[in-house]
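Heads up, the thing below is written out as structure tokens.
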There are 2 protein chains.
Amino acid sequence: MSKPTVHDIAREAGVSLATVDRVLNERAGVREVTVKRVREAVSRLGYVRDISAANLARQRRYRFAFLLPDTPSQFLKVLQDAIDEAALGLKLDRCEIQVLRVPVSDPVALVNVFRRLERIAVDGVAVMGNETPMMRDLIARLKARRMAVVALITDQPNSERDHFIGIDNMAAGRTAAVLMGRFAGPRRGSVAVVVNSMQARDMVERRIGFDQVLSEQFPGLTALPTVEGRDDHEVTARVIAQCLDSHADVVGIYCAGAGLRGVSQVVAERGLAGRQVVVGHDLTPHSRAALEAGTIDAIINQNAGHLARSAARVLKAQCDGVGVIASQEKIRIEIVIKENLP
Amino acid sequence: MSKPTVHDIAREAGVSLATVDRVLNERAGVREVTVKRVREAVSRLGYVRDISAANLARQRRYRFAFLLPDTPSQFLKVLQDAIDEAALGLKLDRCEIQVLRVPVSDPVALVNVFRRLERIAVDGVAVMGNETPMMRDLIARLKARRMAVVALITDQPNSERDHFIGIDNMAAGRTAAVLMGRFAGPRRGSVAVVVNSMQARDMVERRIGFDQVLSEQFPGLTALPTVEGRDDHEVTARVIAQCLDSHADVVGIYCAGAGLRGVSQVVAERGLAGRQVVVGHDLTPHSRAALEAGTIDAIINQNAGHLARSAARVLKAQCDGVGVIASQEKIRIEIVIKENLP
DNA sequence: CTGAAAGCGCTTACAG
DNA sequence: CTGAAAGCGCTTACAG
């Protein structure tokens, strides 16, 4: 016999469809004995519920919001595009996704966003932003309203978020260091390290991983004190230029945050392509061009399309109360060089 | 007004549901004028059909078969597991997937497989195997029966397959060469190259890409003539050992096919870890362990889970006559080192 | 606490 | 060539 349906369960348990439905959806107001009879019928027949039929019947729509920082960055643009593209495909699965660019470090703005999400009755939220008390508070409010919440790219480990969608940044830093060390070959000297801000947990983690591997495996290389590019390619260009001016023995640059464009600009201007090893993060139109031009040697990337789809899938699974395929939701630390550019 | 349904179209066009359905599904037997009226209503209201409701109504099930070679290889095991895992998740989407391990180079076996696929009324087939006349013939038969067909991992470019799910092997070879050259640092010498068989197109392509980059970018390194490991780690170990014995200046080994386990075994036995640069393909339990042990330096991988899910999604899209998200179906050339192991 | 009936958006025989 | 009615597998008011 083929897949059992609610009708089969009803017959087998000697109850009506409505009662089967109540038990399946764990609604109150059913006698213990009845619940048990239905449960037994379910397991005896090996019933599994057809979620798309259920969604059709209840006209279920999933409304998700993605909260991204309103800072200008090419990667955020890439990510936003990826979310929009994923949203198109997910429409068929009754998911409506909207992206909100918000000033994530402004408490007032965050409260307004929360009000808005509440008003439009969102089912799930993916939040990206630094770990701050405001953010933790926002997540707590969302969870209090029973929304599904995932942290995107930057984890919010001490919050009530249901999942984290992103990479292990320590491992990413370690990976960057191996590429730096091996690509540098026999050269000895120092390595410049630029991040957005040492306030951000991911930057700190990348730096720690990077330092670990450099000191363990490449004793000929010394990482210089971190300089901060403040998410801005002009600032990044300036601090990196200063760094190169004050250290004659720099053989490589690790750009752990945004602003990679500033780095490649300095490298190009000074004719350092192929002489400095440059390792950065995040594939964007700029970093792709820089890889092709040879001003950057390798990019550590997290696939924007994968991030977007994974966040949506996990939010949906959370809403449905079902599990996910762990391996599919694991965001990979991609290594991209000119030759394997997608 | 919210999403229009078939009812809205029927009312707007002044016809019945059945007629709307006929037009939407392009069935014959509707007057040209009627077709036009319905089409106009569709575009006027911006109707898009709810595929899951349609599938529910027609009790549509998708039956897919994956044909994998019956040769023993760890990567095939990994792939088979990935397919089984994907199948579990796709059950919810009414997809039933079965994997058939077949002697793909045996014409008689292939004909039998075809008969079987025909008998169980499969909707789509993913085939993996060398490009042979038999294979091309099999694909032609499948297409003649209106099945969707994708080539998996190894393309069948001169066949009628609908899509190719796999990587650009030339680019993969180029990527391997960059890793080889950069990891070798200042060392000069020769590089051993082992493949399954030079009859296989992917092996030839990888070798070409590898040679291109080596001669363009790393003049200090010379690739030795290809040796064949015949998909067997013992044979691979033997031919690599011979290669090392007869060439004193080998600084690296590129294993473009299966049998990487044989390479890492020789490297381990001879205490060459860290002295020879070893680059191979495909992440398996063995190659993972070898990366961790340091007997292999880098793996070029194609994600098995991604291959499996992508093949299924593309087959389904083909059956439904809809498009796919190109970026999601592009199989990436992954670079895996110890530090970014998933 | 439980059930009969209608409905979600689409498709399918069957009749005409 | 076209339509009325029943049905896919589930859920939801409404009655009792």
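The analysis underlying the following values was restricted to heavy atoms, covering all of them including side chains, and did not include hydrogens, waters or symmetry mates. Just so it is clear, the model here is predicted, and its values are computed rather than measured.
- The outermost nucleotides of DNA chain D lying under 4.0 Å from heavy atoms of chain A, listed 5' to 3', are D:dG9 to D:dT12.
- Listed in residue order, the members of residues 52-59 of chain B having a heavy atom less than 4.0 Å from DNA chain D are B:Leu56, B:Ala57, B:Gln59.
- Taking the side chain to side chain donor-acceptor pair (under 3.5 Å) definition, one finds that A:Arg60 meets it with nothing, sequence neighbours left out.
- In this structure, the side chain to side chain donor-acceptor pair (under 3.5 Å) partners of B:Asp21, at least two apart in sequence or on a different chain, are B:Asn25, B:Arg27.
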Apply the test side chain to side chain contact (heavy atoms under 4.5 Å, CB included) to residues A:Asp70 and A:Val102: give CA-CA distance (whole Å), side-chain angles for both, the deciding distance (0.1 Å), then the verdict. CA-CA 5 Å; A:Asp70 63 352; A:Val102 294; 5.8 Å; no
Distance-only donor-acceptor pairs under 3.5 Å for side chains of residues 109-117 of chain B, two or more places apart:
none

In a table with atom names and distances, give each donor-acceptor pair under 3.5 Å that connects a side chain of residues 301-313 of chain B to protein atoms at least two apart or in another chain.
unit_1: B:Asn301; atom_1: OD1; unit_2: B:Leu283; atom_2: N; d: 2.9
unit_1: B:Asn301; atom_1: ND2; unit_2: B:Glu334; atom_2: OE1; d: 3.1
unit_1: B:Asn303; atom_1: OD1; unit_2: B:Gly305; atom_2: N; d: 3.2
unit_1: B:Asn303; atom_1: OD1; unit_2: B:His306; atom_2: N; d: 3.0
unit_1: B:Asn303; atom_1: ND2; unit_2: B:Glu334; atom_2: OE2; d: 3.4
unit_1: B:His306; atom_1: NE2; unit_2: B:Gln328; atom_2: O; d: 2.8
unit_1: B:Ser310; atom_1: OG; unit_2: B:Glu329; atom_2: OE1; d: 2.6
unit_1: B:Arg313; atom_1: NE; unit_2: B:Glu329; atom_2: OE1; d: 3.4
unit_1: B:Arg313; atom_1: NE; unit_2: B:Glu329; atom_2: OE2; d: 2.8
unit_1: B:Arg313; atom_1: NH2; unit_2: B:Glu329; atom_2: OE1; d: 3.1

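- Sorted by first then second residue, the salt bridge (charged side-chain N to carboxylate O under 4.0 Å, His left out) pairs that include residues 29-43 of chain B, not counting sequence neighbours, number zero.
- Between B:Asp162 and B:Lys143, at least one side-chain N (NZ, or NE/NH1/NH2) sits under 4.0 Å from a carboxylate O, which counts as a salt bridge.
- For DNA chain C, the residues of residues 16-36 of chain A within the heavy-atom distance limit of 4.0 Å (strictly under) are A:Ser16, A:Ala18, A:Thr19, A:Arg22, A:Gly29, A:Val30, A:Arg31, A:Thr34, sorted by number.
- Legend: residues meeting side chain to side chain donor-acceptor pair (under 3.5 Å) with A:Arg44, ordered by chain and number and at least two apart, are A:Glu12.
- Under the side chain to side chain donor-acceptor pair (under 3.5 Å) criterion, A:Tyr47 pairs with no residue at all, not counting sequence neighbours.
- Here the side chain of B:Gln156 pairs a donor or acceptor atom with the backbone of B:Gly129 at under 3.5 angstrom.
- Stems are defined here as 3 or more consecutive Watson-Crick or G-U wobble pairs with pairing distances under 3.5 Å; those involving DNA chain D are C:1-3 with D:14-16, C:5-12 with D:5-12, C:14-16 with D:1-3.
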Less than 3.5 Å apart, which donor and acceptor atoms pair up between the side chains of residues 78-101 of chain A and the rest of the protein, not counting sequence neighbours?
unit_1: A:Gln80; atom_1: OE1; unit_2: A:Arg101; atom_2: NH1; d: 3.0
unit_1: A:Asp81; atom_1: OD1; unit_2: A:Lys77; atom_2: NZ; d: 3.2
unit_1: A:Asp81; atom_1: OD2; unit_2: A:Lys77; atom_2: NZ; d: 3.0
unit_1: A:Glu85; atom_1: OE1; unit_2: B:Ser327; atom_2: OG; d: 3.3
unit_1: A:Arg94; atom_1: NH2; unit_2: B:Asp50; atom_2: OD2; d: 2.4
unit_1: A:Glu96; atom_1: OE1; unit_2: A:Arg63; atom_2: NH1; d: 3.4
unit_1: A:Arg101; atom_1: NE; unit_2: A:Pro69; atom_2: O; d: 2.8
unit_1: A:Arg101; atom_1: NH2; unit_2: A:Pro69; atom_2: O; d: 3.3
unit_1: A:Arg101; atom_1: NH2; unit_2: A:Thr71; atom_2: O; d: 3.0

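- When each of B:Arg37 and A:His7 is assigned the nucleotide of DNA chain D with its nearest heavy atom, B:Arg37 is the one assigned upstream, toward the 5' end.
- Look at A:Arg161 and A:Asp155 and you find a salt bridge, because one of the NZ, NE, NH1 or NH2 atoms lies within 4.0 Å of a carboxylate O, short of that distance.
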